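Below is one structure, written out as structure tokens; the observations come after it.
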Amino acid sequence: MPTPKKRPLVIVTRKLPDPIETRMMELFDTRLNLADKPMGQAELIEAVKTADVLVPTITDRIDGSILAHAGPNFRLIANFGTGVDHIDLAGARQRGITVTNTPGVLTEDTADMTMALILAVPRRLVEGANALREGKFEGWSPTWMLGQRIWGKRLGIIGMGRIGQAVARRAKAFGLSIHYHNRKRVHESIEQELEATYWESLDQMLARMDIISVNCPHTPATFHLLSARRLDLIPPHAYIVNTARGEVIDENALVRKLRKGEIAGAGLDVFEHEPAVNPKLLELNNVLLIPHMGSATLEGRIDMGEKVIINIKTFADGHAPPDRVIAGLL
Ligand code: 8YV
């Protein structure tokens, strides 16, 4: 009779929703982080030395200096999240370590949050709510708290993947015309459904939009994609929304533009040096800043956890996990 396989040692770096932790404990030899204190470098090194599987999040930098300590059993990084820019993918590939993520399940939540920012910034939603709380509401006025109309404007989406398309679907219903820039043009049927116009040149698109939404991943190719030069192309009446990654925008250059009124406003869910927020951004009142909440729904986080479990379980059973970003050795 074959000897039953040993349960993999899974180290989870942050507190996950209860049902996910319970299920992980049932299936694997799981070490949780109930205190939810982000792990330091030394703890991460210890984890990859001893574990079979690591479940990190965006708050863990799994770079070469960590992977260099990977023990002989360390074979899978099952990331809790879709973006994998905090993981040294080349290093993982080189060492035969598989990397998985959680695509798809946070698309709609992130698109909702993007749409919320698209509406909230031009319509001054938070500014109005704050003014009311501060006792500044002295009755309706024909000229107070005027924002910009959404209906009929042009939305330029940078990155037309799952989230970009989900944003486009919502935006279309709000009367925005859809424009996009992507590495590759999307299928004709999607363009037709969204009535979307493809711009091969990002520069040309930026110069003609009323609202710009960043929905592409952060990769070496998209770092500071919205550089100072490109931000200069954006017309002064336009708004920028970013629910993807802070690194895609040159944040200092954005601050300068916003400060001078050369860009009308910004809705930012992500920041270049997260969790630090550029103090210069905090001084501006034409920005709405929220703390990386794009996927923050209970349902979404449970679905993400389910994906992590499925990826680990299939891998431990000797199969190719469904959400492989890097296919290591099985
Ligand atoms: C995740 C995200 O919640 O999935 C992503 O890429 O940006 C977030 O919404 C976070 O990354 C968790 O690791």
Side-chain angles (χ1 to χ4, degrees), residues 10-21 24 32-33 36-39 44 47 53-63 66 76-89 92 99-117 158-167 213-223 225 241-249 251 267-277 289-312 321-326:
V10 177
I11 298 187
V12 184
T13 68
R14 298 296 301 270
K15 169 96 189 79
L16 300 183
D18 287 341
I20 297 304
E21 291 191 337
M24 282 183 129
L32 300 173
N33 177 359
D36 200 27
K37 188 172 163 282
M39 286 185 177
L44 287 172
V53 180
L54 183 73
V55 179
T57 74
I58 190 176
T59 54
D60 309 295
R61 185 138 298 280
I62 313 296
D63 57 17
I66 304 283
L76 173 64
I77 300 174
N79 187 53
F80 183 89
T82 303
V84 284
D85 49 332
H86 54 294
I87 301 171
D88 173 7
L89 297 178
V99 179
T100 60
N101 67 345
T102 61
V105 290
L106 35 73
T107 303
E108 305 303 334
D109 294 329
T110 308
D112 282 345
M113 196 56 102
T114 309
M115 199 61 221
L117 290 174
I158 303 175
M160 199 58 143
R162 288 191 198 85
I163 297 174
Q165 289 175 32
V167 170
S213 176
V214 178
N215 296 106
C216 61
H218 166 220
T219 65
T222 64
F223 176 76
L225 187 65
V241 163
N242 187 2
T243 53
R245 284 292 183 269
E247 290 92 333
V248 178
I249 307 181
E251 206 170 77
L268 306 176
D269 181 41
V270 286
F271 305 91
E272 197 173 338
H273 303 288
E274 245 176 81
V277 176
L289 310 173
I290 53 170
H292 202 142
M293 291 161 63
S295 70
T297 67
L298 181 58
E299 296 92 331
R301 293 288 154 85
I302 289 176
D303 290 348
M304 286 161 74
E306 284 291 333
K307 279 215 158 243
V308 168
I309 291 172
I310 291 166
N311 284 319
I312 301 174
D323 305 308
R324 274 168 303 156
V325 181
I326 295 291

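This is a predicted model, so every value here is computed, not measured. The first residue of the sequence shown is numbered 1, and numbering continues consecutively from there. In listed order, ligands and their atoms are each counted from 1. Computed over heavy atoms, backbone and side chain alike; hydrogens, waters and symmetry mates excluded.
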Is it the case that atom NZ in K15 sees more than 12 heavy atoms from other parts of the structure closer than 6.0 Å?
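Yes, the 6.0 Å shell around NZ holds more than 12 heavy atoms from other groups.
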
I'd like to know whether CZ of R162 has more than 12 heavy-atom contacts from other residues, nucleotides or ligands below 6.0 angstrom.
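Incorrect, the count does not exceed 12.
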
Which of these, D60, N79, T57, sits in a side-chain hydrogen bond (donor to acceptor under 3.5 Å, both in side chains) with H86?
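Testing H86 for a side-chain hydrogen bond (donor to acceptor under 3.5 Å, both in side chains) against D60, N79, T57 leaves exactly one candidate, N79.
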
So which heavy atom in the protein is nearest [atom], and how far is it from that ligand atom?
atom	value
atom 8 (C) of ligand 1	H292 NE2, 3.4 Å
atom 3 (O) of ligand 1	S295 OG, 2.9 Å
atom 10 (C) of ligand 1	I58 CG2, 3.9 Å

Taking only heavy atoms of [X] into account, list the atoms of ligand 1 that are under 4.0 Å away from them.
X	result
M304	1 (C), 3 (O)
R301	3 (O)
G83	4 (O), 5 (C), 6 (O)
L106	4 (O)
F80	12 (C), 13 (O)
R245	2 (C), 5 (C), 6 (O), 7 (O), 11 (O)

Given T13, T82, V84, identify the one with the heavy atom nearest to atom 4 (O) of ligand 1.
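Of the listed residues, T82 has the closest heavy atom.
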
Would you give the length of the straight line joining atom CG of D88 to atom CD1 of I62, rounded to the nearest 0.5 angstrom?
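Here the rounded value is 10.0 Å.
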
For L225 versus C216, what's the shortest heavy-atom pair and its separation?
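Closest heavy-atom pair between L225 and C216: CD2-SG, 4.4 Å.
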
Quick one: salt bridge (charged side-chain N to carboxylate O under 4.0 Å, His left out) pairs with a partner in residues 289-299, sequence neighbours left out?
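Qualifying pairs: none.
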
Does one side chain, of T243 or T114, offer a donor that lies under 3.5 Å from an acceptor on the other?
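A donor-acceptor contact under 3.5 Å links the two side chains.
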
Would T57 count as being in polar contact with ligand 1, using the rule that some N or O on each side must be under 3.5 angstrom apart?
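No, T57 has no N/O under 3.5 Å of an N/O on ligand 1.
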
N33 side-chain N/O to K37 backbone N/O, donor-acceptor pair under 3.5 Å
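Pair found, side chain donor or acceptor close to backbone of K37.
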
